[in-house]
Structures are given as structure tokens and as C-alpha cells.
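Below, read A as the first sequence line, B as the second, and so on, with proteins coming before strands; counting in each chain starts at 1. What you are looking at is a predicted structure, and each value in this text was computed from that prediction instead of being measured. Below, all heavy atoms of this structure are taken into account, side chains as well, without hydrogens, waters or symmetry copies.
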Amino acid sequence: MKIKALNGFKDIIPGEVELWLKVEQTARNIFNRFNFSEIRMPILEKTDLFSRSIGEATDIVEKEMYTFVDKQITMRPEATASLLRAYIQHGLYVQKPIQRLFTIGPMFRHERPQKGRLRQFHQMDVEVLGSANPRVDTELMAMGAMLLEELGIDVSLELNSLGCPECRPGFRKTLLTFIDDRRDELCDDCKRRSTSNPLRVLDCKNPRCREQVEEAPSILDHLCGSCGEHFSSVQKGLQDINVVYSLNKFMVRGLDYYTRTTFEFITADLGSQAAVGAGGRYDGLVETLGGPKTPGIGFALGMERLVLLLQQKELETESTGCDMFVAGLGEKAIDFAFPLVHALRQMGLQAAMDHEGRSLKSQMKQANKLQSGYVLIVGESELEQGQAVLRNMETQEQQDVKISDATDTFARSLQEKCTLRIS
RNA sequence: GUGGGUGUAGCUCAGCUGGUGGUAGCACCUGGUUGUGGCCCAGGAGGUCGUGGGUUCAAGUCCCAUCACUCACCCCA
């Protein structure tokens with residue numbers, strides 16, 4: 001029986017990796033433009049960290065975490081909790097009052113795999129800690145939008161506010177009254193949810209529930225003074241820099257720590273896994289985890305979803321051509337080629353050769369597949385005369401070149417030719 | 001956790017109402033020039049037909065189980 005990767009776990013093989021690199025490089029470039037610093041955390045954390053931050057009653061904590069029960073440690077299901085733990089542990093708030101951090105890496109949730117949803121998946125996660133300023137909310141959404149635009153991914157930005165511990169309880173009561181009035185019309189899930197987390201009834205996908213909830217009160221009409229002000233400033237900021245968004249009063253979050261601003265980048269091209277990125281404000285979370293009272297906001301982008309969207313666009317993958325392929329004919333020529341190729345590589349060129357003693361034709365084919373700019377053909381008789389043939393693969397021109405005694409000197413003369421081609 | 005669909009070569013797939021696994025395409029190797037790539041042509045290699053049972057003279061094909069993949073519910077990035 002062959003050993004295969006676990007269900008919901010995937011290899012990213014050559015041909016696919018290129019798209020991942022593109023996503024990652026574009027993201028790093030943009031994070032850098034917005035002055036974010038990278039932070040890397042371990043994958044394993046105390047289980048307690050996640051249950052405290054994400055919420056005991058959430059689906060993630062209740063049934064989706066990979067936990068070593070005997071040791072009370074868990075593979076992170078998301079990045080924010082770990083990042084805040086590191087932020088608190090190292091006292092990063094002392095170094096800088098406002099920290100702008102990002103991290104990229106794998107997360108683990110034991111869900112049933114599906115398109116755009118794996119058990120090991122990868123997120124790019126961005127957090128700003130230490131500022132409650134609505135401008136920061138705006139800036140983060142603008143950054144997300146800019147990143148997706150540069151990747152050429154078409155999304156819409158949906159926005160909502162969840163209020164704060166001041167105003168949410170009041171809204172919750174209003175909503176509960178509304179729900180109770182039409183409880184019988186709701187699906188079983190929603191009946192359950194109406195007691196555990198009534199806000200979640202708002203984003204049920206069941207058409208009947210949607211209909212019932214259509215006229216539900218909006219939290220946006222029940223925000224307290226400061227939350228309301230904050231939210232209008234966020235919106236004004238978005239308008240000022242022409243970031244297109246729409247309000248979605250039904251959007252809620254699956255993690256308990258969110259407050260005030262929440263947002264999602266939604267695509268129409270991925271089936272039911274429509275959110276390519278999502279996040280929001282979590283002003284009480286640092287304190288919950290034992291740090292100083294610190295406001296924060298962040299969001300995460302799902303990398304496999306981004307890669308899927310790029311794959312659907314069928315972009316041509318630009319491969320970097322090999323600079324020089326050295327084709328040796330016969331044992332002596334191969335012995336000559338090996339140190340030469342090594343010297344070329346030391347000089348920073350992409351060089352290749354065949355070690356298997358294959359025919360020239362076969363070696364030319366290999367050179368072609370590698371998109372070599374040049375092939376140096378070294379035959380045994382020419383080698384004795386201190387000569388070799390240099391072929392330009394694009395123009396098909398060939399010229400005899402003198403092989404000097406010192407490999408390095410010869411390599412340098414080849415390097416000049418290749419560099420000319422590159423520039 | 002709950003449903004539906006699908007498992008045949010590295011990949012994409014033919015294979016009818018059971019009768020010896022496909023000259024199928026892509027990819028790979030060799031040859032078509034004593035030592036010259038892309039195109040074309042010829043040849044070659046590559047499979048316990050997901051796995052385990054059952055029915056049958058005979059199973060890739062029918063039945064059962066199981067595993068995997070996949071889509072949807074759920075949840076979420």
C-alpha cells in the first residue's frame with residue numbers, strides 16, 4: 001500500500017509553487033510599502049491560548065482543532081492568537097506604541113476538505129496593535145484591496161460593525177426578540193444558534209432563514225455613540241481614497257474576539273468558499289490574553305484561495321531560462337564540463353549539464369527544455385585542440401571558442417556573453 | 001459530523017448489455033545525421049483497473065464493504 005498525504009493535506013509541487021511565490025512576493029512587497037514587519041511564530045501553542053481568544057463555544061475550538069490532548073497543546077487554527085501571545089511575551093508594545101506586523105504560514109483545522117478549504121491551509125495575516133484610530137481600519141482594508149488588485153483578483157469588499165461590549169448586548173436583546181417572534185420558521189441550526197450565538201442567525205445561508213431575517217434589525221442602527229462615530233470615520237476614510245465597499249448588516253464573525261469594524265473580501269469565483277480575506281477589530285483581545293489594554297485590528301488572506309483564483313486565470317508561468325548548458329561528449333569532455341559548470345554557478349549564472357553520458361541530440365533537447373540561452377558543446381577532439389563550440393540557442397549561431405587552461409578564466413569569458421544576453 | 005458524485009498509465013481520459021487492459025492524447029526514453037534543440041515520423045517504457053470480499057465458467061464492467069478524492073451542507077481564510 002502506497003503512502004499518501006493525509007486527507008486535507010496537500011503537496012505543493014513544481015509548477016504550482018510558482019504561483020505561491022507570486023502571491024507571497026506580491027504580498028511582501030505591499031506589506032513593506034505599508035511599513036509592516038514580519039514576525040514568525042511556532043505552530044504549536046498551549047490549547048488554552050486558542051480557547052481563550054477564539055472562544056470556547058466556537059466551532060473552531062469545539063471540534064476543529066488538532067490537539068495533543070495529553071499535553072494540552074494545539075496546532076494553531078489561526079494566526080492572531082499566536083501573534084498576540086508573542087507580542088505580549090516580548091513586550092513589543094514597549095518598543096513601539098503602535099506595532100504593524102504580518103506573518104505567513106500554515107494553519108490547521110479539522111474540517112471536511114472542500115474546494116478552497118483544506119485541513120492544513122496557509123494564511124497571510126496582518127495585524128496593527130496599539131491604535132484604535134479608524135484611519136488604521138481604513139488603511140488595512142485599502143492595503144488588502146491593493147494587494148488583491150495587483151494580483152489581478154476580482155473581489156468586493158463588504159463591511160459591517162459589530163459594536164462593542166457597550167452596545168452589543170442591547171442589540172442582542174433586540175435581535176433575540178425579533179428571532180423569537182419567527183422562531184418556528186427558522187432551520188434547526190438557527191434554532192440552536194438563536195440561544196448560543198443569535199448573531200450567527202443573521203448569516204445563515206438557508207433561503208428560508210434569509211427571508212425571515214431580511215427585515216431583522218441592523219446592528220448599525222444600535223451602535224453606541226463612539227462606535228457609531230468610529231464606523232462613520234472608517235467609511236469616510238474609504239471614500240476619501242476611493243476604495244469601493246458595500247455595507248452588509250448580515251456579516252458576523254465566527255470568532256468571539258471581534259469588535260467594531262469587520263470586513264470580508266468576497267469573490268464570486270470560488271463556489272461556497274467565497275471569502276478570500278477577512279478580518280476586523282478586536283479591541284479587548286490583548287487584555288484577555290494577559291497583556292496591557294491595547295486596541296488591535298487585523299485580517300487574514302487565504303493563500304490556497306488566492307492561488308486557485310490565479311490558476312483559474314491561466315496565467316503563463318514565466319520560467320527563468322538557464323544561462324548556459326554545457327554538453328560534453330565522452331568521458332573526458334564531461335570531466336572538463338563539471339568544474340566549468342561549477343565555476344559558472346559560483347559566478348552567479350544558472351548553469352546545467354548532463355551527467356549520464358547521453359547523446360548530443362539528447363543533451364540539446366535538455367538544453368532546450370531548460371530554455372538555455374547558450375550551449376557550449378565540448379567534444380573530445382576539440383578539447384585536445386583547446387577548442388569548443390558555443391551555440392546561441394535563439395539565433396542558432398555557432399562560433400568556435402578557445403578553451404583557456406584555467407577553468408575560471410574561461411568561465412569568466414562565457415559569463416560575459418551570458419550577461420550580455422540578460423541585459 | 002451529514003448528503004451527492006467519482007476512483008483505469010506520471011497527467012487527461014476511452015473501455016457498450018460481464019468475454020484476453022487502450023495503435024488514445026500530453027509527458028518521459030531511444031532512433032530517424034559518426035556530433036546539434038523546438039516541428040514531424042517511428043519505436044519503447046510505463047497498470048496488482050483504489051482496496052477487500054461476494055456473484056459467475058468468466059468481473060475494469062454486477063453486488064456489498066472499505067478507503068481516497070471531489071462537490072455541497074456546516075464552518076471559515
Identity of whatever pairs with U2(B) - Watson-Crick or G-U, under 3.5 angstrom: A72(B)
Give one of base, sugar-phosphate or nothing for Gly298(A), where a contact means two heavy atoms less than 4.0 Å apart. nothing
N or O in side chain of Gln273(A) less than 4.0 angstrom from C76(B) OP1/OP2: no
Donor-acceptor pair (no angle test) under 3.5 Å: Arg117(A) side chain, C71(B) base: no
Phosphate OP1/OP2 of U70(B) contacted by Lys10(A) side-chain N/O (<4.0 Å): yes
Tell me whether the side-chain N/O atoms of Asn7(A) come closer than 4.0 Å to OP1 or OP2 in C69(B). yes
Ignoring hydrogens and angles, are the base of G38(B) and the side chain of Gln396(A) linked by a donor-acceptor pair under 3.5 Å? yes
Would you mind classifying the nucleic acid contact of Glu382(A) as base, sugar-phosphate or nothing, using non-hydrogen atoms under 4.0 angstrom? base
Integer angstrom distance from the P of G10(B) to that of G47(B): 7 Å
From the list U30(B), G32(B), G35(B), which nucleotide is the closest neighbour of the side chain of Arg358(A)? U30(B)
Can you say whether a donor on the side chain of Gln371(A) sits under 3.5 Å from an acceptor on the base of G38(B), or the other way round? no
Does Lys46(A) come within less than 4.0 Å of Asp48(A), counting only side-chain N to carboxylate O? no
Residue-phosphate contact under 4.0 Å: Gln363(A) side-chain N/O, G37(B) OP1/OP2: no
How is Gln398(A) classified with respect to the nucleic acid when contacts are heavy atoms under 4.0 Å: base, sugar-phosphate, or nothing? base
What is the pairing partner of G60(B), taking Watson-Crick or G-U wobble pairs with both distances under 3.5 Å in any strand? none
Would you classify Gly116(A) as touching base, sugar-phosphate or nothing, given that sugar-phosphate means primed atoms plus P, OP1 and OP2, and contacts are heavy atoms under 4.0 Å? base
If you look at every strand shown and take non-hydrogen atoms under 4.0 Å, does Thr58(A) touch a base, only sugar-phosphate, or nothing? nothing
I'd like the C1' distance from G46(B) over to A9(B), given in whole Å. 6 Å
Say we look at C74(B) and G22(B): how far apart would their C1' atoms be, to the nearest angstrom? 43 Å
Categorize Leu118(A) for me: base, sugar-phosphate, or nothing, with a 4.0 angstrom heavy-atom threshold over every strand shown. base
Decide if the gap between the ring center of Phe36(A) and the ring center of Phe102(A) is smaller than 6.0 angstrom. no
Nearest-Å distance once atom C1' is located in both C26(B) and U20(B): 28 Å
Kindly indicate whether the side chain of Arg112(A) and the base of G1(B) share any N or O donor-acceptor pair separated by less than 3.5 Å? no
Would you call Glu150(A) and Lys22(A) a salt bridge, taking side-chain N to carboxylate O under 4.0 Å as the test? no
In whole angstrom, give the distance that lies between atom CG of Asp269(A) and atom P of A77(B). 20 Å
So what does Ser381(A) hit on the nucleic acid, given a heavy-atom distance under 4.0 Å: a base, only sugar-phosphate, or nothing? base
I'd like the P distance from A27(B) over to G38(B), given in whole Å. 12 Å
When we call it a touch if two heavy atoms are under 4.0 Å apart, what does Lys361(A) touch: a base, just sugar-phosphate, or nothing? base
Considering every strand shown, what is the Watson-Crick or G-U wobble mate of A42(B) when both distances are under 3.5 Å? U30(B)
Heavy atoms only, 4.0 Å cut-off, all strands: where does Ala367(A) land among base, sugar-phosphate and nothing? nothing
Between A72(B) and A58(B), how far is it from one P atom to the other, in whole Å? 43 Å
Given the side-chain rings of Phe299(A) and Phe263(A), with only the six-membered ring counted for Trp, is the space between their centroids under 6.0 Å? yes
Please state the C1' separation for the pair U8(B) and A68(B) - nearest whole angstrom. 15 Å
Touch check for Lys369(A), heavy atoms < 4.0 angstrom, all strands: base, sugar-phosphate only, or nothing? sugar-phosphate
Of all the nucleotides listed (G35(B), A77(B), G31(B)), which has the minimum atom distance to the side chain of Ser359(A)? G31(B)
Please state the P separation for the pair U17(B) and U61(B) - nearest whole angstrom. 13 Å
Pair Glu139(A) + Arg100(A): basic N to acidic O under 4.0 Å: yes
With a 3.5 Å cut-off and heavy atoms only, can you find an N or O donor on one side and an acceptor on the other between the side chain of Gln123(A) and the base of C76(B)? no
Which part of the nucleic acid, if any, lies within contact of Ile377(A), taking any heavy atom under 4.0 Å across all strands shown: a base, the sugar-phosphate backbone alone, or nothing? base
Between Arg119(A) and Phe121(A), is NZ or CZ placed under 6.0 angstrom from the six-membered ring centre and within 45° of the ring axis? no
State whether Arg109(A) and Glu78(A) are salt-bridged, where the test is any N-O pair (Lys NZ or Arg NE/NH1/NH2 against Asp/Glu carboxylate O) under 4.0 Å. no
